[in-house]
Novice: 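First the structure, which I've put down as structure tokens, then a few questions once you've had a look.
Numbered from 1 within each chain, the chains take letters A, B, ... in sequence-line order.
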2 protein chains.
Amino acid sequence: MANRLMDALGIKGYRVTLERSIITDSLQKVEPHFTAEGLYRFLQKRRSRVSLATIYRTLSALTQMRLIKKFDFGEGTYRYELNITNGNKDTHHHHLVCVKCGKLIDFESDFFPQLNHLAEKLSQEHRFIIIDHELTLFGYCKQCASD
Amino acid sequence: MANRLMDALGIKGYRVTLERSIITDSLQKVEPHFTAEGLYRFLQKRRSRVSLATIYRTLSALTQMRLIKKFDFGEGTYRYELNITNGNKDTHHHHLVCVKCGKLIDFESDFFPQLNHLAEKLSQEHRFIIIDHELTLFGYCKQCASD
DNA sequence: ATTCTATTGAAAATTATTTTCAGTAAAGGG
DNA sequence: CCCTTTACTGAAAATAATTTTCAATAGAAT
Ligand SMILES: [Mn+2]
Ligand SMILES: [Mn+2]
Ligand SMILES: [Zn+2]
Ligand SMILES: [Zn+2]
């Protein structure tokens, strides 16, 4: 699988640098919902050292290219997540978040057909080219529900 | 209709102050998707002067009580929106956002039953008490699509 | 190899939001 | 009412995630 993220950057005209390779490689290994700071610490321990500025710059580029997604789960910092299909497997999913402790659960929903239909309707109605969507449910997790 | 927001704050034990009344009153009149700064400028022009700190404090309280919702549409600042049912009319809706210019469109979806069903399933599966959800579609608006 | 310029790290800057703190004013009992 | 208590306010300072600056470095192309 080499490094599809790095390839994509290269195709877009970005230079293939050691730092970008380190970052894109690590995105498969770091925790699935990582922060910039978290990725920075992850890299400090393992491979090489990449500056936080470069991490921000690279995450920004990958986000614009929609190779990763950027989420605000209300923690005061953003979390990122890979957004590439793994072979023929779609990685698309949604989130369930505890508003108290921030606990995060991925889930897949089975109404994509309906979301697509909705997207189609809105697309025509408002002349929008729809490229993506985000569904997040909020609640209290088991532990936090006892209060 | 007096001021249901202020009433709710009072019930929660917050003191009924002039500043909070000014703020809660203005939420019906300011643009529907306002920023803290935008509300501040709105108040500067009209009624009285409330400090930005107090605006942030009040919006924070209202958000925690879920009387308003706080959104990140990727502009670097949060936008807020009223979240109270207007009589028997549900104000619940979702958003369509242009990722280039930020153009924002409210829309209502007709699959609440299915979302509720999903919430029910997830609730049992993960022992979560689900209290809300957010659906946002991203795309390019008419103008921004030409590039 | 040489040139050109994108990229990097470190430090400084930015900026939305939060906190501090001393003065003010709700609330509520007498 | 008057008094006491303490939540609330504005102004200024602090915070902290992210961005920008800038001089040095290293891809990429010729
Ligand atoms: Mn996820
Ligand atoms: Mn809206
Ligand atoms: Zn929790
Ligand atoms: Zn647009």
Novice: Could you work out which one of C:dT7, C:dT17, C:dA11 sits closest to the side chain of B:Ala36?
Specialist: C:dT17
Novice: Restricting to nitrogen or oxygen on both sides, can you table the protein-nucleotides 22-26 of chain C pairs closer than 3.5 Å?
Specialist:
from, atom 1, to, atom 2, distance (Å)
C:dA26, N3, B:Arg15, NH1, 3.2

Novice: Could you check, using the six-membered ring where one of them is a Trp, whether B:Phe107 and B:His95 have ring centers closer than 6.0 angstrom?
Specialist: no
Novice: Measure CZ/B:Arg79 against P/C:dA16 and give the value in whole Å, please.
Specialist: 12 Å
Novice: What's the CG-P distance between B:Leu43 and D:dT9, to the nearest Å?
Specialist: 13 Å
Novice: Given atom CD of A:Glu75 and atom P of D:dA16, what is their separation to the nearest angstrom?
Specialist: 16 Å
Novice: Specify the residue among A:Ala53 and B:Gly76 whose closest nucleotide of DNA chain C lies further upstream toward the 5′ end.
Specialist: A:Ala53
Novice: Atom OH of A:Tyr14 and atom CE of A:Met6: how far apart are they, to the nearest 0.5 Å?
Specialist: 10.0 Å
Novice: B:Arg20 near the nucleic acid: base, sugar-phosphate alone, or nothing, with a heavy-atom cut-off under 4.0 Å?
Specialist: sugar-phosphate
Novice: Would you say A:Tyr56 reaches D:dT18's phosphate, i.e. side-chain N/O to OP1/OP2 under 4.0 Å?
Specialist: yes
Novice: Return a table of donor-acceptor pairs under 3.5 angstrom between the side chains of residues 55-63 of chain A and protein atoms on other chains or two or more places apart.
Specialist:
from, atom 1, to, atom 2, distance (Å)
A:Thr58, OG1, A:Thr54, O, 2.9
A:Thr63, OG1, A:Leu59, O, 2.7

Novice: D:dG10 phosphate, OP1 or OP2: any side-chain N/O from B:Thr54 under 4.0 angstrom?
Specialist: yes
Novice: Quick one: the side chain of A:Arg57 and the base of C:dG9, do they pair up donor-acceptor inside 3.5 Å?
Specialist: yes
Novice: From CG of B:Leu52 over to P of D:dA11, roughly how many Å is that when rounded to an integer?
Specialist: 11 Å
Novice: If we count only N and O atoms by modelled type, under 3.5 Å, do the side chains of B:His93 and B:Glu108 hold a donor and an acceptor together?
Specialist: no
Novice: For residues 116-127 of chain A, which side-chain N or O atoms pair as donor and acceptor with protein atoms under 3.5 Å away, sequence neighbours left out?
Specialist:
from, atom 1, to, atom 2, distance (Å)
A:Asn116, ND2, A:Phe112, O, 3.4
A:Ser123, OG, A:Phe128, O, 2.6

Novice: Whole angstrom is fine here: how far is it from CG in B:Asp72 over to P in C:dA16?
Specialist: 13 Å
Novice: What is the distance from CD1 of A:Ile55 to C1' of C:dA10, rounded to the nearest Å?
Specialist: 14 Å
Novice: Taking only N and O in the side chain of B:Thr77, is any of them less than 4.0 Å away from OP1 or OP2 of C:dT17?
Specialist: yes
Novice: Is the Lys NZ or Arg CZ of A:Lys100 less than 6.0 Å from the centre of A:Tyr140's six-membered ring, within 45° of the axis?
Specialist: no
Novice: Does one side chain, of A:His94 or A:Asp106, offer a donor that lies under 3.5 Å from an acceptor on the other?
Specialist: no
Novice: Could you state the OH-P distance from A:Tyr40 to D:dT18, rounded to the nearest angstrom?
Specialist: 15 Å
Novice: Taking the nucleotide of DNA chain D with the nearest heavy atom to each, does B:Thr58 or A:Tyr80 sit closer to the 5' end?
Specialist: B:Thr58
Novice: Between B:Leu62 (CG) and C:dT17 (C1'), how many Å, whole number?
Specialist: 17 Å
